[in-house]
Asks: 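Sharing a structure below in structure tokens format, with a few things to ask.
All residue numbers refer to positions in the sequence shown, counting from 1. In listed order, ligands and their atoms are each counted from 1.
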Amino acid sequence: MTQTITVIRGDGIGPEIMDATLQVLDALQVGLSYEFADAGLAALEKHGELLPVATLESIRRNRVALKSPLTTPVGEGFSSINVELRKRFDLYANVRPAQSFPNTRSRFPDGVDLITVRENTEGAYSAEGQQVSADGETATSITKTTRRGSERIVRYAFELARRTGRKKVTVVHKANILKSTSGLFLKTARAVAQEYTDIQCNELIVDNCCMQLVMKPEQFDVIVTTNLFGDIISDLCAGLVGGLGLAPGANIGTDAAIFEAVHGSAPDIAGKGIANPCALLLGAGQMLDHLGLVEQAARLRKAIVATLEAKDSLTPDLGGTGTTTTFAQAIAGRL
Ligand code: NAI
Ligand code: MG
């Protein structure tokens, strides 16, 4: 049976890294078929809107999408398309692995192999109750945490740990100060943890967690946390392993999942053919895992590591002189 996925080529370097990624997926012979859909600037130019209904329908139908970065035009009336997609499909789990790769600018060449699982729909980003007083002196907003939202994200983290043979889940919170919201998250997490006696569970207050990540990142395995903390921590972790060029991310819900690179559309290098396709390729690897194509996903990651190790055709951001295409060809040749 052929699985169809929605492919969004995106803006800026998006089309370049997507073409390279699809070329590698084809070489992997995973038997996927692609349904192309537009979003972002490309969609605005073609269809007059950033997120056409046809694109939403395609994702709804296929349930899995691979997405290049999108440019959100600056100015009134344009809300972030990525946030919109998360809302539309209730993509509650943001899953971001951070792993040290050879010959990259990681501060910890051997030490880091962790996954941040961030709650993606509520918390400080619930966007509720945004108010500024009439005199402009006071601003308020609502941080909303629910038991349901907390339970499903913590459960997701434990299930992920179990499925991937990881040993430990660290619950990151600030329940000592944010007693109601972070308190409910922590209390719910403790209850869920009791169901997973095979996985070690510990708790860390978010500020201490940041220090520990910088000092001793090797102690972490899976981190689960609320929206705002997860946003910041996952970027910190990308920094630990050498930055954006190798950081993939998945947005996962019950009915749909969208896989992407963490970086943006890089307008400064768009059209030059030198963008690093690794982050999107690693996102495609997460997608293969999600589709149950675990062996192919492992093969893909191995080929990426071997190519980095050999310093074969690396793009300029990794210190090489390769192009997006030659780098992708070097990876495809090692599958
Ligand atoms: P950016 O991630 O696009 O670029 C930051 C720097 O990293 C630039 O110097 C860029 O050249 C470099 N870079 C990024 N990806 C690279 C790659 N694959 N290979 C080599 N170098 C790479 O962030 P920026 O400039 O803040 O945002 C540009 C646009 O991207 C904005 O319109 C923003 O809204 C959008 N964006 C979209 C995201 C998404 O769709 N998921 C995420 C972040 C930003
Ligand atoms: Mg962020």
Asks: Shortest non-hydrogen contact from Thr226 to Arg118?
Replies: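 Smallest heavy-atom distance, with atoms named: O-CG, 4.3 Å.
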Asks: Determine, considering heavy atoms only, which of Thr72, Leu85, Asn82 sits nearest to atom 39 (C) of ligand 1.
Replies: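 Residue with the shortest heavy-atom distance to the ligand atom: Asn82.
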Asks: Starting from atom 8 (C) of ligand 1, what is the nearest protein heavy atom, named by residue and atom, and what distance separates them?
Replies: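 So the nearest neighbour among protein heavy atoms is Asp268 OD2, 3.5 Å.
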Asks: Under 4.0 Å, heavy atoms only, figure out whether ligand 1 is touched by the backbone of Asp11, its side chain, both or neither.
Replies: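 Under 4.0 Å from ligand 1, Asp11 contributes no heavy atoms.
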Asks: Verify the neighbour count for atom CZ of Arg162: are there more than 12 heavy atoms of other residues, nucleotides or ligands below 6.0 Å?
Replies: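 Yes - once you tally the heavy atoms of other residues, nucleotides and ligands closer than 6.0 Å, there are more than 12.
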Asks: Does Ala279 come within less than 4.0 angstrom of ligand 1, counting non-hydrogen atoms of the residue?
Replies: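 So Ala279 does not count as touching ligand 1.
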Asks: Can you tell me if Leu280 has a non-hydrogen atom under 4.0 Å from ligand 1?
Replies: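 So Leu280 does not count as touching ligand 1.
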Asks: Of Leu318, Ile269, Asn251, which has the heavy atom at the shortest distance from atom 21 (N) of ligand 1?
Replies: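 Looking at heavy atoms only, the winner is Ile269.
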Asks: Answer side chain, backbone, both or neither: which part of Thr71 comes under 4.0 Å from ligand 1, heavy atoms only.
Replies: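 Both backbone and side chain.
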Asks: Please list, in number order, the atoms of ligand 1 under 4.0 Å from a heavy atom of Val262.
Replies: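 Here the atoms of ligand 1 in question are 42 (C).
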Asks: Heavy-atom contacts with Leu244 under 4.0 Å: which atoms of ligand 1 show up? List them by number with element.
Replies: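 Atoms satisfying the 4.0 Å criterion: 2 (O).
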Asks: What heavy-atom pair brings Phe327 and Asp312 nearest, and what distance separates the two atoms?
Replies: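 Scanning both residues, the minimum pair turns out to be CD1-O, 3.9 Å.
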Asks: Tell me the closest heavy-atom pair linking Leu240 and Pro217, and the distance in Å.
Replies: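 Closest pair (atom of Leu240, atom of Pro217, distance): CD1-CB, 4.0 Å.
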Asks: Should you measure from each heavy atom of Glu260, which atoms of ligand 1 turn up under 4.0 Å away?
Replies: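 The atoms of ligand 1 under 4.0 Å from a heavy atom of Glu260 are 41 (N).
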Asks: Regarding atom 44 (C) of ligand 1: of the candidates Ala270, Ser265, Gly264, which has the closest heavy atom?
Replies: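 Heavy atom nearest to atom 44 (C) of ligand 1 belongs to Gly264.
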Asks: Strictly less than 4.0 Å: does any protein heavy-atom distance to atom 11 (O) of ligand 1 fall in that range?
Replies: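 It does; a protein heavy atom is within 4.0 Å.
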Asks: Would you say atom 32 (O) of ligand 1 has a protein heavy atom nearer than 4.0 Å?
Replies: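 Looking at atom 32 (O) of ligand 1, one finds that a protein heavy atom does lie closer than 4.0 Å.
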Asks: Would Thr72 and Ser80 satisfy side chain to side chain donor-acceptor pair (under 3.5 Å), going step by step from the backbone distance to the final call?
Replies: CA-CA 6 Å; Thr72 300; Ser80 159; 4.6 Å; no
Asks: If I apply the N/O under 3.5 Å rule, does Pro267 come out as touching ligand 1?
Replies: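 No.
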Asks: So do Lys87 and Thr121 actually touch side chain to side chain, heavy atoms under 4.5 Å?
Replies: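 The answer is no, as the side chains (C-beta and beyond) never meet within the 4.5 Å cut-off.
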Asks: Could an N or O of ligand 1 be found under 3.5 Å from any N or O of Leu70, whether backbone or side chain?
Replies: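 Checking ligand 1 against Leu70, an N or O pair does fall under 3.5 Å apart.
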Asks: Regarding Arg9 and Asp19, does a basic nitrogen lie under 4.0 Å from an acidic carboxylate oxygen?
Replies: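 Yes, charged N to carboxylate O under 4.0 Å.
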Asks: Give a yes or no on whether Gln29 atom CD has more than 12 heavy-atom contacts from other residues, nucleotides or ligands under 6.0 Å away.
Replies: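 Open.
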Asks: Looking at side-chain heavy atoms only, is the closest gap between Ile258 and Leu66 below 4.5 Å?
Replies: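 Sidechains of Leu66 and Ile258: no contact.
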Asks: Report yes if Asn276 has an N/O atom closer than 3.5 Å to an N/O atom of ligand 1; otherwise report no.
Replies: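 Yes; at least one N/O pair falls below 3.5 Å.
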Asks: For atom 4 (O) of ligand 1, which protein heavy atom lies nearest, and how many Å away is it?
Replies: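 Residue, atom and distance for the closest contact: Ala266 CA, 4.3 Å.
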Asks: Quick check: of its N, O or S atoms, which one does Asp231 have closest to the Mg ion (ligand 2)?
Replies: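 Going by distance to the Mg ion (ligand 2), the closest N, O or S atom in Asp231 is OD1.
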Asks: Would you call Asp289-Arg301 a salt bridge at under 4.0 Å N-O?
Replies: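 Counted as a salt bridge, because a side-chain N and a carboxylate O are separated by less than 4.0 Å.
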Asks: A quick test of your reading: do over 12 heavy atoms of other residues, nucleotides or ligands sit less than 6.0 Å from CZ of Arg155?
Replies: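 Yes - once you tally the heavy atoms of other residues, nucleotides and ligands closer than 6.0 Å, there are more than 12.
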Asks: Hey, which atoms in ligand 1 end up nearer than 4.0 Å to a heavy atom of Asp317?
Replies: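 Near Asp317, the atoms of ligand 1 are 20 (C).
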Asks: The test is side chain to side chain donor-acceptor pair (under 3.5 Å); show your working for Asp231 and Tyr125 and say whether it passes.
Replies: CA-CA 10 Å; Asp231 190 1; Tyr125 295 1; 2.9 Å; yes
Asks: State the atoms of ligand 1, each with its element, that fall below the 4.0 Å cut-off from a heavy-atom position in Ala275.
Replies: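 In order of number, 19 (N).
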Asks: Atom CE of residue position Met211 - does it have more than 12 heavy atoms of other residues, nucleotides or ligands inside 6.0 Å?
Replies: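 Above 12, so yes.
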Asks: Could you list which atoms of ligand 1 come closer than 4.0 Å to a heavy atom of Lys67?
Replies: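 Within the 4.0 Å cut-off of Lys67, ligand 1 contributes 40 (O), 41 (N).
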Asks: What I want to know is whether Ile13 and ligand 1 share at least one N or O pair that is separated by under 3.5 angstrom.
Replies: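 Among all N and O atoms of Ile13, none is under 3.5 Å from an N or O of ligand 1.
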